[in-house]
Number of protein chains: 2
Amino acid sequence: MAHELHEKGLRLTPQRELVLSAVRSLGHATPEEVAEKVRSTHPGINLSTVYRNLETLENVGLVLHTHLGHGGATYHAAEELTHLHLVCSDCGAIGDAPIDAAANFVNTLSDDYGFKTDVTHFAIYGLCAKCAEKNDQKKRTDGKTK
Amino acid sequence: MAHELHEKGLRLTPQRELVLSAVRSLGHATPEEVAEKVRSTHPGINLSTVYRNLETLENVGLVLHTHLGHGGATYHAAEELTHLHLVCSDCGAIGDAPIDAAANFVNTLSDDYGFKTDVTHFAIYGLCAKCAEKNDQKKRTDGKTK
DNA sequence: TAGGATCTTGCAAATTACTCGCAAGAACAA
DNA sequence: TTGTTCTTGCGAGTAATTTGCAAGATCCTA
Ligand SMILES: [Mn+2]
Ligand SMILES: [Mn+2]
Ligand SMILES: [Zn+2]
Ligand SMILES: [Zn+2]
């Protein structure tokens, strides 16, 4: 019992270690991106092995998934999920904000509804500053033109 | 130019009208559920017609989609999206809360990051009151047992 | 109000993103 | 070592959604 995977009761395989370190080095990544990263060291790895290891690692709490877009999930190292994701519906940019920005909101939901929010599982969706400004300008121009 | 679909520049077909009214009557529904509803009146409708019309109706602002779970999207009538969705990670229950509950949060993100949040596109994810309590009890029991 | 341009539908096939069954190949405890 | 149990690669299987296309419907226009 020395390696962190052993501590979680998992066998230590090269594939599993590589998947974990790929997730850690990528920040957030889709299974496909994790596979691609792993292949740079271990070309033979199968996609289903990646999927299975992501699930296993999530079960023991070493990685987590979040939803940043309309489809699929992206994976994070568990210890690194310390920010909100602000996803722009217009340009797709992914910004960060500290979790504290949601502290009051989380407390409100807890106090009023007994609901214990995990603010990181889904992204916060909307318009980034740049796109919001762009849209405002267009609206003003359209107004004059009409 | 009388019918609301004409006002949006769309042709009025029975399928399109039925998809729209199915979305309106269902509250929130997956494409599959919309199709099933439409089939009660128009058995022959094809699933791809439902998908295409949901997209078209969303483009002109009559319907919207949100993400309530890990996969797929669910559709709403645009005028009816007036609440947050509180989705329980444990039991899957979908609760509602008024959008106002997020007003401060939305303002914070706007003031500090210039980010204009759409709080309804993704669900708010976490533990419902029931499951949160259940988990607490289990933790206390486990503590004594160990 | 017929005729034609344009849009929409149904149907079948294609795609995408996963998931599963299985036999061979590790990993680990004894 | 050796046997048990877990993990991997591989191929096939699903589920959800998308696309190409030809036939059919809607709407505009003369
Ligand atoms: Mn979406
Ligand atoms: Mn999820
Ligand atoms: Zn943007
Ligand atoms: Zn629950």
Side-chain angles (χ1 to χ4, degrees), chain A residues 1-23 28-60 62-63 65-75, chain B residues 1-23 26 28-60 62-75:
Chain A
M1 274 294 185
H3 195 284
E4 63 185 322
L5 291 176
H6 285 163
E7 275 164 10
K8 299 290 187 176
L10 298 179
R11 289 193 182 175
L12 194 173
T13 70
Q15 292 89 336
R16 188 163 286 164
E17 241 187 328
L18 288 165
V19 166
L20 179 54
S21 76
V23 169
H28 31 71
T30 63
E32 197 61 61
E33 288 164 345
V34 171
E36 199 172 326
K37 174 82 177 178
V38 172
R39 281 193 204 111
S40 64
T41 328
H42 188 109
I45 197 170
N46 193 277
L47 234 201
S48 59
T49 301
V50 172
Y51 274 100
R52 284 188 283 227
N53 275 320
L54 287 172
E55 189 183 350
T56 303
L57 293 169
E58 184 158 27
N59 285 337
V60 299
L62 288 171
V63 313
H65 78 265
T66 64
H67 301 273
L68 300 183
H70 306 253
T74 60
Y75 287 82
Chain B
M1 273 295 184
H3 196 284
E4 64 185 322
L5 290 177
H6 285 164
E7 275 164 12
K8 298 293 186 175
L10 298 178
R11 288 193 182 173
L12 194 174
T13 70
Q15 292 90 335
R16 188 163 286 163
E17 242 187 326
L18 287 166
V19 165
L20 178 54
S21 75
V23 169
L26 288 172
H28 32 70
T30 63
E32 197 61 62
E33 288 163 345
V34 171
E36 198 172 324
K37 175 81 178 180
V38 172
R39 281 193 204 110
S40 64
T41 328
H42 189 107
I45 197 169
N46 194 278
L47 234 200
S48 60
T49 300
V50 172
Y51 275 99
R52 284 189 283 228
N53 275 321
L54 287 172
E55 188 183 351
T56 302
L57 293 170
E58 183 158 28
N59 285 337
V60 299
L62 288 172
V63 313
L64 293 170
H65 78 265
T66 64
H67 301 274
L68 300 183
H70 306 252
T74 59
Y75 287 83

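Being a predicted model, the structure only gives us computed values, none of them experimental. Letters A, B, ... mirror the listed sequences (proteins, then strands); counts begin at 1.
Interatomic distance, A:Arg16 CZ to A:Leu5 CG, rounded to the nearest 0.5 Å: 7.0 Å. A distance of 11.5 Å separates CG of B:Leu54 from CG of B:Leu62, quoted to the nearest 0.5 Å. Here CD of B:Glu36 is found 7.0 Å from CD of B:Glu32. Values are rounded to the nearest 0.5 Å. Distance check, rounded to the nearest 0.5 Å: CG of B:Leu68 to OG1 of B:Thr74 gives 3.5 Å.
Of all nucleotides in DNA chain C, those with any atom nearer than 4.0 Å to a heavy atom of chain A start and finish, going 5' to 3', at C:dA17 to C:dC28.
Heavy-atom distances under 4.0 Å link DNA chain D to no residue of residues 32-40 of chain B. The stretch residues 67-74 of chain A comes close to DNA chain C through A:Gly72, each having a heavy atom under 4.0 Å from the strand.
Counting non-hydrogen atoms of neighbouring residues, nucleotides and ligands closer than 6.0 angstrom, the CD atom of B:Glu17 exceeds 12 such neighbours.
Nearest heavy atom pair, residue B:Leu26 against residue B:Glu33, reads CD1-O, 3.8 Å. In terms of heavy-atom proximity, B:His65 sits nearest to A:His70 at NE2-ND1, 3.0 Å. Here the closest non-hydrogen pair linking A:Ala35 and A:Leu47 is CB-CD2, 3.9 Å. Taking every heavy atom of both residues into account, B:Ala22 and B:Lys37 meet most closely at CB-CG, 3.6 Å. For the residue pair B:Pro31 and B:Ala73, the shortest heavy atom distance occurs at CD-O, 3.8 Å.
The distance between atom CZ of B:Arg16 and atom P of D:dC27, rounded to the nearest whole Å, is 10 Å. Going from atom CD of B:Glu17 over to atom P of D:dA25 covers 17 Å, rounded to whole Å.
Tested against B:Val63, the residues B:Val34, B:Val19, B:Leu20 include a single side chain to side chain contact (heavy atoms under 4.5 Å, CB included) partner, B:Leu20.
Using five terminal pairs a side, the axes of the helix from C:dT1-D:dA30 to C:dA30-D:dT1 at its two ends make an angle of 30°, given in steps of 10 degrees.
Here the side chain of B:His6 is nearest to one of D:dC27, D:dT26, D:dT7, namely D:dC27.
Not counting sequence neighbours, the partners of B:Thr49 by the side-chain contact (heavy atoms from CB on, under 4.5 Å) test are B:Gln15, B:Ile45, B:Asn46, B:Arg52, B:Asn53.
The side-chain heavy atoms of B:Leu57 and B:Val23, taken from C-beta on, include no pair separated by under 4.5 Å.
Close to D:dA25, at under 4.0 Å from its OP1 or OP2, lies no side-chain N or O of B:Gln15.
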Study note, to complete from the structure: Protein-proximity profile, nucleotides 18-24 of chain D, B/S/- by nucleotide at the 4.0 Å heavy-atom cutoff, equals BBB----
